[in-house]
Amino acid sequence: MLTKFETKSNRVKGLAFHPRRPWILASLHSGVVQMWDYRMGTLLDRFDEHDGPVRGVHFHKTQPLFVSGGTTLPRSLLPRRSPLIPGSGLADRFRRSDGSAPSSSMAAADPGHSDISPPWNRHSDRTPVCPMSKEESDQICLFILGDDYKIKVWNYKTHRCLFTLHGHLDYIRTVQFHDEHPWIVSASDDQTIRVWNWQSRTCVAVLTGHNHYVMCASFHPKEDLVVSASLDQTVRVWDIGALRKKSSSPADDIMRLTQMNTDLFGGIDAVVKYVLEGHDRGVNWASFHPTLPLIVSGADDRQVKLWRMNDTKAWEVDTLRGHMNNVSCVLFHAKQDIIVSNSEDKSIRVWDATKRTGIQTFRREHDRFWVLAAHPEMNLLAAGHDSGMIVFKLERERPAFAVSGDTVFYVKDRFLRFYEYSTQKEVQVAPIRRPGSVSLNQSPRTLSYSPTENAVLICSDVDGGSYELFIVPKDSAGRADYLQDAKKGSGGSAVFIARNRFAVLEKSSNQVLVKSLKNEIVKKSPLPIGTDVIYYAGTGNVLCRAEDRVAIFDLQQRLVLGELQASAVKYVIWSNDMESVALLSKHAVVIANKKLVHRCTLHETIRVKSGAWDENGVFIYSTLNHIKYCLPNGDSGIIKTLDVPIYITKVAGNTIAFLDRDGKNKIITVDASEYIFKLALLRKRYDHVMSMIKNSQLCGQAVISYLQQKGFPEVALHFVKDEKTRFNLALESGNIQIAVASAKELDDKDHWYRLGIEALRQGNVGIVEYAYQRTKNFDRLAFLYLLTGYLDKVGFMSKIAGQNNNLMGQFHNALYLGDAKKRVEILENAGQLPLAYVTAATHGLTEIADRLAGELGEEVPSLPEGKTRSLLIPPAPLTACGDWPLLRVMRGIFEGGLDATGRAEQEEDYDDAGGDWGDEDLEIVDASNVIENGDAGHADESETNEEDGDEEGGWDLEDLELPPEADTPKARGPERSALFVAPTPGMPVSQIWTQKSSLAGEHAAAGNFDTAMRLLSRQLGIKNFAPLKALFLDAHMGSHTFLRAFASAPVIPIAVEKGWSESASPNVRGPPALVFSFAQMDDKLKAAYKATTEGKFPEALRQFLNILYTIPLLVVDSRREVDEVKELIEIVREYVLGLRMEVKRKELKNDATRQQELAAYFTNCKLQKVHMRLVLTSAMGLCFKGGNYATAANFARMLLDNGPNEAQAKKARQVLQACGDRKDAHQLNYDFRNPFVVCGATFVPIYRGQKDVSCPYCASRFVPSVEGQLCSICELSVVGADASGLLCSPTQSR
């Protein structure tokens, strides 16, 4: 069983598939009807207006209708009286309290069934499912019934009940629509079957004859027959041919009423054709075969019976036994010779309809099964149980196939076939023997093809995994009499790896068997990871799939060529050039290169089914309902929506070849322009992009968003008609002229404001001025005039502020102009006499100050004494009366060549804009408008003219005395020259350094400390960066120089490149010039040696540590220097370890034994000879004084072997003579005979064979308990951390 969808809910009593759409209806014991999309796993709708169980559902194939019925629970617990005529026996009906069906006994007095529950508990019975219609249109009808004896017809689109069908006198069990006629058949506990015309909303036939509950009734898919099952132990087949004839030629109304009356009392529209007796207890379900004259039934006797019928009789064919409890439902599979049944024994059983034997059993642990439904067109089944439902398949439908050039080999109907794409010719190659075992999912799973030998390898799950090898003679293809004897073998999976070699996975030993075409083992190779499937990965290579990763393994060299974390990979698809691979799992697509270096991962919410590479390197894949694409950079999109899943075999241009679930080769044509356009942008083929823009119909918000996201807003402009979107794209691309045109169309304050900000960023003063004028933003406009040096316009702004009664605006403008007299006047008019007096007195306006003092009288404010007064003068503008200077750059690739119509429109807009910017039309503010829209009262225009003398009234464009139109600053239009003014920000050199390099030193020089630390952490396991902070800063400062332009501007940093010369190309950037060099390390090492020789151990330790801190930031040029750097690390490590032990020894005053041990360990360090002699002399003296004569004598011999000077040699001989054969007085943790290393943290020996951990940077050794702590030697890295190793030269990454 392949479970596709599962829900958790109350007991499911009825199920119905939609014939074409991925929908399923589930009616629940709680009275809720759910409509699910089983492909997406989402609940589409729910109908919960019923008070009791809903027992059956069914889709109509054309109308948006469904029918339902609900339970109206009784008000008391007394048994209800039978509504039927006397003698009907309904009062004697009962059900078991456990919800199972009774026997076929028709009286409550049956001695075998004393566990009676009242009839109001009958809603806990099993509910059979109704069969389904076969076809579908865009509108759907579904049919639901319930326990209130009513059939309600609903429109599920409007969620409204349309009408109710009355007639049944007891619970309704099942309903079904007829495929052709407007009929509904319903079965009820009132012992009748009714046929309804849902268009006329009348009952057209009543089928009587059963004498117990009728558990189900359904139409024959082709003939005029109805089959019904009842608890009276019979299955009845009814002939409704007369009903069809009557419906095709209806009589008048009176005749129809008479006919209906006749029907109620046994008319001849429907007659019993056969009564099938054979079950020992009540029958719960019966259904027709879709095409053959067969009926299958299931009953409470735990048996499934198969019946055959002809024109005259029907008889029992066989009985299928195996269920351990009542059989709830049974039906034929729509596509295969299979019978599926479920039961209250918590199992679903699959039977072979031809051999009448059990094939497979699926069990649930706690849930009884009640209902089954089969999809009429697809290999899908659904089962309802106590806690929900499941939608499942019995077998895989994906055909095994392999594509080679222009052909595809595949398996269909137990035949190996091939299909040629160019001629669309299909050839049957060879039959594939059917497996002897009776179980499901044993069809071929994979197929591998060797084109040179014309050999085909087919793998299946038969016998736990096996393969068949077909060698097809080229002249035998298509011959009907050709029968190939396949070579067989066992194995988890098998693939060709060479012309005449194939690899077979042997799971038990986790190895690959390489075999020849004679099926003989040539070679065995163990696999590096636990593998469950192998795939082809190039000649001699296999791709091994483990549970959480994949790896490419070279069988010849037995090397792992690449490894990638990818869980549950199902399919592996290589590109034609074998440079890229797609790994498909259930809900993800992983793209990698041929060495399994990860490129991108796409996650899908629904299942991924198949895929293929096109000739452009784009991966095309299919999901359950879409065909999608994936570009090399991970961008993806939808190409086409699918009705049914497909299995893509080949992609060529706009054509996608695929196999459907029936194994048929088909071709579909798609529009590939979207992903070809994106691919051209990705690969910077801008000529192709321009051609597509001109010729194709690319459009849509997705393309616009993509272009905007990828930094091509100027290209997106050519697809957009909406003015708001054009405005946003124009601002993003810096295209001011289009932004101005769109802002004029929108004429919105917010857009003018944003336009002003962008124009100000570009230094286009004319556009900024116009935008501020349109928004009447006078404060910003006045400040703009001040900055650009239009001081005369600032004066006009002051007048406008006065007309608007804007005192603060007036005061600010007077302040900008340095007009003290005007400020005093404004303050006086505002009633601020004290401030006006102080301003006049401070600026030396004596007459005005005296006048104001007289008006203030005794309230004259006092001025501070001893203060120096200075006049506020507005600053001189940096750029006076003009736009900011811009760089002149070459025209962009997309400028000027996109479309002629677009250019003409732009030029027309530009000409219109020119008029708006001119002297006559650029109306900043008209005097009358200012007075009308402002807060001030009406003013007389003639008075204004008199006050202003020669100036005209109000704020008019003539008053601004703008220069002629030719000199007015304008938005840069689409000029005809090859140059235009629109600077493009370049990439900083420091950013180029970090993009090109994986060396931490160069990242630190670029100032990108974060990435430098990440590199060091990954390469050397460094965690403590505090000692490196000063070195990082030195590296950054040393790789930059700084220029100061002028006082008010910030300094300009300039990156210093290594080996720069004037003849170097400006477009080629070299690596940074670093302050640290390997030659400096040599000088530092000599200084550290000198301090060690002089016995200045703390100073020597500091200098050695400084070398260790600097080495991670070194960059050298050659591999030889890399080896020298690594050698330097070893030298420094040994000295740091020894010096730390020596410093520790000197701190110990009272522990002579530990002092001797540390001195002995110091002799184990790899030091220069001069230092080794000093260490040995010191250790020899300490041990001799401590009474450890044997150890002292050993150090004396070692000293003599190291070429000591005369004094040292004399002292060593004396010690040897004095020690003689004397033993050590104290036991030391030191054995010079056993090789060891010293733990850098605990200073104890780690002898050969003992476990240890090391520092990933300095390689110091430690006891295992130190793992995870900071290295005490280098003080940088974490002991035992995973690290890739030191990277200090560009040659290491080549």
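- Residues passing the side-chain hydrogen bond (donor to acceptor under 3.5 Å, both in side chains) test with D224, sequence neighbours excluded: R244.
- Put simply, OG on S27 and CG on N10 are 11.5 Å apart, with the number rounded to the nearest 0.5 Å.
- Screening W198, W183, W196 against H178 for a ring pair (Phe, Tyr, Trp, His ring centres under 6.0 Å) leaves a single residue, W183.
- With sequence neighbours left out, R46 forms a salt bridge (charged side-chain N to carboxylate O under 4.0 Å, His left out) with D48.
- Taking both residues in full, the closest heavy atoms of Q191 and V214 are given as C-CG2, 3.6 Å, listed atom of the first, atom of the second, then distance.
- Put simply, the side chain of D386 never gets that close to the backbone of R11: no donor and acceptor are under 3.5 Å apart.
- Contacts of S228 classified as side-chain hydrogen bond (donor to acceptor under 3.5 Å, both in side chains), with partners at least two apart in sequence or in another chain: H210, W238.
- The backbone N or O of L169 lies less than 3.5 Å from a partner atom in the side chain of D190, making a donor-acceptor pair.
- In this structure, OG in S9 is found 7.5 Å from NE2 in H385, a value given to the nearest 0.5 Å.
- Under the salt bridge (charged side-chain N to carboxylate O under 4.0 Å, His left out) criterion, D367 pairs with R364, sequence neighbours left out.
- Under 3.5 Å, the side chains of H366 and S387 contain no donor-acceptor pair of N or O atoms.
- Applying the salt bridge (charged side-chain N to carboxylate O under 4.0 Å, His left out) criterion to D45, with sequence neighbours excluded, gives no partner residue.
- Under the 4.5 Å side-chain criterion, counting only non-hydrogen atoms from C-beta, H168 is in contact with S186.
- Side-chain contact check for N326 and N284: no donor-acceptor pair (N or O, by modelled atom type) lies under 3.5 Å.
- Every residue was checked against the side chain to side chain contact (heavy atoms under 4.5 Å, CB included) condition with A334, not counting sequence neighbours, and none meets it.
- Remark: S343 engages D345 in a side-chain hydrogen bond (donor to acceptor under 3.5 Å, both in side chains) (not counting sequence neighbours).
- With V296 as the partner, the side chain to side chain contact (heavy atoms under 4.5 Å, CB included) test is satisfied by one option alone out of V340, L320, V330: V330.
- No side-chain heavy atom of I348 sits under 4.5 Å from any side-chain heavy atom of T361.
- Every residue meeting the side chain to side chain contact (heavy atoms under 4.5 Å, CB included) condition with D413, not counting sequence neighbours, appears here in chain and number order: R417.
- In this pair, F17 and H375 present their aromatic rings tilted. The plane angle is within the 30 to 60° band.
- In this structure, CG on N379 lies 7.0 Å from CD on E395, to the nearest 0.5 angstrom.
- Considering OH of Y274 and CG of D239, their distance stands at 8.5 Å, rounded to 0.5 Å.
- Rounding to the nearest 0.5 Å places CZ of R173 at 13.5 Å from CD1 of I193.
- T7 is linked by a side-chain hydrogen bond (donor to acceptor under 3.5 Å, both in side chains) to nothing, counting only residues two or more places apart in sequence or in another chain.
- Here the CZ-CZ distance, from R20 to F59, works out to 14.0 Å after rounding to the nearest 0.5 Å.
- With no hydrogens or angles considered, no side-chain donor-acceptor pair links T42 and W36 at under 3.5 Å.
- Applying the salt bridge (charged side-chain N to carboxylate O under 4.0 Å, His left out) test to residues at least two apart or on different chains, the pairs with a partner in residues 316-340 are K305-E316, D318-R356.
- For R302, there are no side chain to side chain contact (heavy atoms under 4.5 Å, CB included) partners two or more places apart in sequence or in a different chain.
- Residue pairs meeting the ring-ring contact (aromatic ring centres under 6.0 Å, His included) criterion with at least one partner in residues 326-348, sequence neighbours excluded, are H289-F332.
- Using a 4.5 Å cut-off on side-chain heavy atoms (C-beta onward), I339 and V350 make no contact.
- In this structure, K4 and F392 have side chains that are not in contact, with every pair of non-hydrogen atoms separated by 4.5 Å or more.
- Heavy-atom neighbours of K8 NZ from other residues, nucleotides or ligands within 6.0 Å: above the threshold of 12.
- Judged purely by atom type and a 3.5 angstrom limit, Q176 uses its side chain to pair as donor or acceptor with the backbone of F219.
- Contact record, A205 with L243: CB-CD2, 4.2 Å, taken as the closest heavy-atom pair.
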